[in-house]
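To start, the structure under review is shown below, and the notes come after it.
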Amino acid sequence: MDDPIICLSGVEKKFGSFTALKDITFDIGRGEFFSLLGASGCGKTTLLRILAGIEQPTRGELTIDGKPMSGVPANRRPTNMVFQSYAIFPHLSVRENISYGLVYHKLTKAEAQSRTDEAIELVKLSGLGERSAHQLSGGQRQRVALARALVCRPKVLLLDEPLSALDKKLREEMQQELRSLQRTVGITFVFVTHDQEEALTLSDRIAVMSGGKVLQIDTPQALYERPNCLEVAGFVGTMNLFPVTVKGTEGLKVVANSSQIGEIHGQRNDRIPNDGDTVFMAIRPEKITIAAGEAPTGPNRIAGRVASVSYLGDRSHYLVSVDGLAEPVAVYLSNLAGGTIRASAGTAVMLSWDEANALVLPR
Ligand SMILES: Nc1ncnc2c1ncn2[C@@H]1O[C@H](COP(=O)(O)OP(=O)(O)O)[C@@H](O)[C@H]1O
Ligand SMILES: [Mg+2]
């Protein structure tokens, strides 16, 4: 990476004999909106606390803005943290809560005031400065927490599931605001979430974590289109998995076979499979097309029978049973004008897809 602001190298964190983080090594770019995504307990908060200086790694190196952070306490780091619970003072006003972030900064009263005004404006709380924090809605409280962190002008803002307490509609609104706020201020955001849709919507890049390890770091599109393992594929969206045996590989292309569904052509990721390996061909539901009735000819075609159809307005979800497969195949079709087939439960159909959309994943 050209200009990283955060560099983690071999970072490990143990709590007694339990290893919460294992060999964490990656960089975060200056100005990136970077997310840590993973199920509860996978180590996201622990990693964020290490960046903040609230926890110390048991091994490995961390530099922020080119400086080693070993021995640098939280209040001397160019970071600020927004917590999952807002941690604001209910008896103080919005303005008092926000300017509290500046107590350790040696500013004149006028400077502190103008910075506080600026932060209030940034999070769209203008006119509410004198209101007491306990009179605010959940969304407004989270804005106060954001402003209190931003008022210190950190180089890196660390956000630990800051939107998880909000209901769905407000959360989606705040996601858009958070993204545009990040673009406006231009500082690096490290954002923790267990919500894959939230991570995909917001991030420049995402690190998918599991059991204290990073499984894959990529852009939202690359994570979705080219997951490097089953766990990432399953975590980010739905994936159909066809068990197959590899017959041959040429460049990126892999030819595989299954006694149940015939020959399947797909593409590999970085790993080169051996002939005879049993792997999965993984195909996203929206990459499969359905045609009524025809018999399969050639590779990447499977005959099946519609088990169920769910109408979701803009699209319909089909589950298609295929002889010899334990799980029905999921197919999502967009309900374009005139573009739908009216298959209903019981209809015989043929499924097909482009080989570029079938990805080989190790079992
Ligand atoms: N202070 C601690 N002492 C012992 N175990 C801890 C401590 N903090 C976190 N853990 C454990 O480390 C693991 C990761 O926790 P955490 O980073 O909070 O996960 P996440 O934020 O992804 O839900 C969990 O199993 C948790 O129980
Ligand atoms: Mg957490």
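When a ligand or atom number is given, it counts from 1 through the structure's own listing order. Residues take their numbers from the sequence shown, with the count starting at 1.
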Between Ser93 and Glu130, do the side chains contain an N or O donor and an N or O acceptor separated by less than 3.5 Å? no
The protein heavy atom nearest to atom 1 (N) of ligand 1 is Phe15 CE2, 3.4 Å
Any N, O or S atom of Thr45 closer than 2.8 Å to the Mg ion (ligand 2): yes
Nearest non-hydrogen protein atom, atom 16 (P) of ligand 1: Thr46 OG1, 3.6 Å
Return the closest protein heavy atom for atom 21 (O) of ligand 1 as residue, atom name and distance. Thr45 OG1, 2.7 Å
Counting only heavy atoms from other residues, nucleotides and ligands, does the tally under 6.0 Å from CD of Gln56 exceed 12? yes
Considering only NZ, NE, NH1 and NH2 on the basic side and carboxylate oxygens on the acidic side, decide whether Asp160 and Arg49 come within less than 4.0 Å. no
Any idea which protein heavy atom is nearest atom 24 (C) of ligand 1, and the distance to it? Gly41 O, 3.8 Å
Indicate yes or no: does an N/O atom of Glu55 lie under 3.5 Å from an N/O atom of ligand 1? no
Pairing donors with acceptors under 3.5 angstrom, does anything connect the side chains of Glu231 and Ser210? yes
Give the atom numbers and elements of ligand 1 that come within less than 4.0 Å of a heavy atom of Phe18. 11 (C), 12 (O), 13 (C), 25 (O)
Could you check whether Lys14 makes a cation-pi contact with Phe18, meaning its NZ or CZ is under 6.0 Å from the centre of the six-membered ring and within 45° of the ring axis? no
hydrophobic_cluster_shared for Val190 and Leu62, side chain cutoff 4.5 Å: yes
When you measure from the heavy atoms of Gly38 to every atom of ligand 1, does any distance fall below 4.0 Å? no
For atom 3 (N) of ligand 1, is the nearest protein heavy atom under 4.0 Å away? yes
Protein heavy-atom contact under 4.0 Å for atom 7 (C) of ligand 1? yes
Distance-only side-chain donor-acceptor flag, Gln267 / Arg226, under 3.5 Å: yes
Relative to the heavy atoms of Ala20, which atoms of ligand 1 are at a distance of less than 4.0 Å? 12 (O)
Ligand 1 atoms in contact with Ser40 (distance to a heavy atom under 4.0 Å): 23 (O)
Are Ile64 and Leu36 connected in a single hydrophobic cluster, I mean Ile/Leu/Val/Met/Phe/Trp/Tyr linked by side-chain heavy atoms less than 4.5 Å apart? yes
